[in-house]
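In what follows, a single structure is set out as structure tokens and then discussed.
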Amino acid sequence: MAWNEPGKPGQDPWGNSGNNNRPNNSRKPNGSNQDPDLKEALKKAQEFFGGTGDKFGGAKGTGLIVIVLIALWLLSGIYTVDSPERGVVKRFGAYTHETTAGLHWHLPWPIESVTLVNVDRIRTAEIGYRSDSRNRNGSVPSEALMLTKDENIVDIRIAVQYKVSDAKKYLFDVAAPDITMRDLTESALREIVGRNTMDFVLTEGRDEVVSKVRALTQENLDAYNTGLVITSLNLQDAQPPEQVQSAFADVVKAREDRERLINEAEAYSNDILPKARGQAARQIEEARAYHDEVIARATGQASRFESIMAEYKKAPRVTRERLYLDAITNVFSSTSKVFVAADSGTNLLYLPLDKMMSGQGNNVPFKVPDDVSSQSGTGSSSSSNSGSASNRNPSQNNIRDYLRTRELR
């Protein structure tokens with residue numbers, strides 16, 4: 001027989017004892033079927049709150065419950081503000097005061113509430129593009145395309161970094177301050193771009209456009225009491241529309257080549273002009289030095305001539321011979337070979353002065369022309385009377401005789 005066979009006392013799982021025809025609702029609710037653990041817990045709770053018998057609670061228990069609930073309600077008003085945050089306390093939705101970093105308490109809800117605003121966090125707004133978590137940028141043509149003063153279209157993308165400067169204004173004065181900041185930045189950018197030409201915006205005017213947009217945007221943010229301050233505004237990209245980018249790239253390249261050539265020409269000019277000035281100054285100084293040298297030499301020659309003239313007046317013959325000897329000395333000192341023509345004009349006398357001055361004159365044969373020897377009787381007699389001197393150096397004697405003969409003629 002199964003343990004839960006119906007009809008057996010204590011074995012019916014539905015709690016029926018004996019009579020199966022008896023309805024279930026006829027059982028007593030506080031009968032033997034009640035859980036003893038639950039009954040014991042209810043009894044202890046009644047004793048704790050001062051209840052006796054079957055009645056739960058009393059004046060003492062109710063008061064204690066109220067006190068506990070009030071304490072918990074008051075403790076719910078404790079809050080903590082971190083260092084980069086500001087706590088804005090609102091009473092029934094209206095601003096009351098602002099708290100800084102630390103542990104604070106406010107009247108619990110629904111009387112007061114606190115909104116924490118991070119005033120040190122740098123927020124970013126992107127105008128003309130959107131970047132995702134993978135740093136991929138997607139263009140937003142409705143924001144990026146703008147019209148310039150010369151009726152050209154440019155594609156500009158900027159990034160604005162800002163933070164909260166006044167938590168009260170940020171929460172209460174403007175419904176959506178972040179969206180307002182984005183709209184004001186785009187409006188200021190369109191205004192500045194519309195005041196300038198396309199070449200200015202895309203080339204040398206980038207920094208000026210950024211500074212003007214930042215100043216105008218901050219002015220409008222302060223006028224709207226948004227409680228925001230711009231920390232930086234960066235121009236991410238500025239270029240013509242995609243349809244004409246190739247043509248504009250050629251123009252930009254030509255402009256860059258022009259600037260490069262101008263810079264190279266200026267560099268060459270800066271290099272060559274100082275050299276030319278230096279050479280000109282050197283030539284001028286050399287000319288001045290030559291001028292002074294020529295004048296000094298002419299002055300010296302004039303003085304020398306005057307002194308020689310004075311001596312010539314005193315002794316004309318001696319002065320004339322002295323001048324002749326000096327001239328011959330100067331001529332022979334600067335040449336190594338001398339050819340002397342005879343009176344007949346057919347024979348030449350060769351004097352190897354270069355070998356004579358180098359010490360080789362003794363080995364060089366020397367011959368006096370026949371016409372000279374035949375016509376110079378006096379020279380022959382003098383050379384025969386030379387004695388032992390002519391035997392020691394015949395070549396020198398022949399030269400001496402020849403010169404003496406020339407002098408006699």
Side-chain angles (χ1 to χ4, degrees), residues 71-140 143-144 156-192 206-207 209-237:
L72 294 175
W73 180 72
L74 294 175
L75 291 176
S76 65
I78 298 175
Y79 65 98
T80 303
V81 179
D82 295 335
S83 58
E85 296 178 336
R86 296 293 182 271
V88 180
V89 181
K90 298 177 288 184
R91 183 174 300 167
F92 298 111
Y95 172 83
T96 58
H97 62 281
E98 185 176 324
T99 58
T100 58
L103 186 64
H104 304 276
W105 179 85
H106 67 88
L107 294 176
W109 185 88
I111 300 175
E112 291 183 350
S113 61
V114 176
T115 301
L116 299 179
V117 179
N118 194 326
V119 297
D120 290 343
R121 182 170 66 92
I122 301 298
R123 308 160 191 257
T124 303
E126 299 168 340
I127 309 299
Y129 73 102
R130 298 291 185 273
S131 59
D132 54 12
S133 58
R134 298 182 181 179
N135 292 328
R136 294 180 301 183
N137 298 332
S139 178
V140 182
E143 297 179 357
I156 298 182
R157 304 175 185 181
I158 63 174
V160 185
Q161 293 182 341
Y162 63 98
K163 65 180 181 179
V164 178
S165 61
D166 193 326
K168 176 185 176 183
K169 293 180 180 180
Y170 179 77
L171 292 177
F172 295 100
D173 291 2
V174 181
D178 296 306
I179 298 177
T180 302
M181 200 283 307
R182 181 187 299 276
D183 295 339
L184 291 176
T185 304
E186 181 181 353
S187 176
L189 180 60
R190 291 184 181 275
E191 180 178 350
I192 299 301
R206 288 173 174 252
D207 295 337
V209 169
V210 170
S211 61
K212 288 184 178 180
V213 170
R214 177 174 179 176
L216 183 58
T217 303
Q218 187 62 56
E219 181 181 354
N220 294 332
L221 289 174
D222 296 339
Y224 278 66
N225 292 328
T226 57
L228 299 176
V229 59
I230 297 176
T231 58
S232 66
L233 192 147
N234 301 317
L235 182 62
Q236 301 295 328
D237 191 13

Could you pull out the closest heavy-atom pair between [X] and [Y], with the gap in Å?
X	Y	value
S232	N234	OG-ND2, 4.1 Å
I230	R214	O-NH2, 3.2 Å
Q236	A159	NE2-CB, 3.4 Å
I192	K212	CD1-CB, 3.9 Å
A101	S83	CB-CA, 3.6 Å
G87	V114	CA-CG1, 4.2 Å

Please say whether more than 12 non-hydrogen atoms of neighbouring residues, nucleotides or ligands are located less than 6.0 Å from CD1 in I78.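 Result for CD1/I78: enclosed.
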Counting distance only, does the side-chain N/O of [X] pair as donor-acceptor with the main-chain N or O of [Y] below 3.5 Å?
X	Y	result
D166	K168	yes
S187	D183	no
T96	V89	yes
R86	E98	no
T231	Q161	yes

Which value, rounded to the nearest 0.5 Å, describes the distance between [X] atom [atom1] and [Y] atom [atom2]?
X	Y	atom1	atom2	value
I156	E186	CD1	CD	11.5 Å
T226	L221	OG1	CG	4.0 Å
N118	K163	CG	NZ	10.5 Å
R157	R130	CZ	CZ	11.0 Å
W109	I111	CH2	CD1	10.5 Å
L216	T185	CG	OG1	9.5 Å

Taking side chain as C-beta onward, heavy atoms only, is R123 less than 4.5 Å from D178? yes
Are any non-hydrogen side-chain atoms of F172 and V88 less than 4.5 angstrom apart? yes
Residues which pass ring pair (Phe, Tyr, Trp, His ring centres under 6.0 Å) with Y79, listed by chain and number, not counting sequence neighbours: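 Ring pair (Phe, Tyr, Trp, His ring centres under 6.0 Å) list for Y79, sorted by chain: H104, H106.
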Where at least one partner belongs to residues 216-225, residue pairs that pass side-chain hydrogen bond (donor to acceptor under 3.5 Å, both in side chains), sequence neighbours excluded: Q218-D222
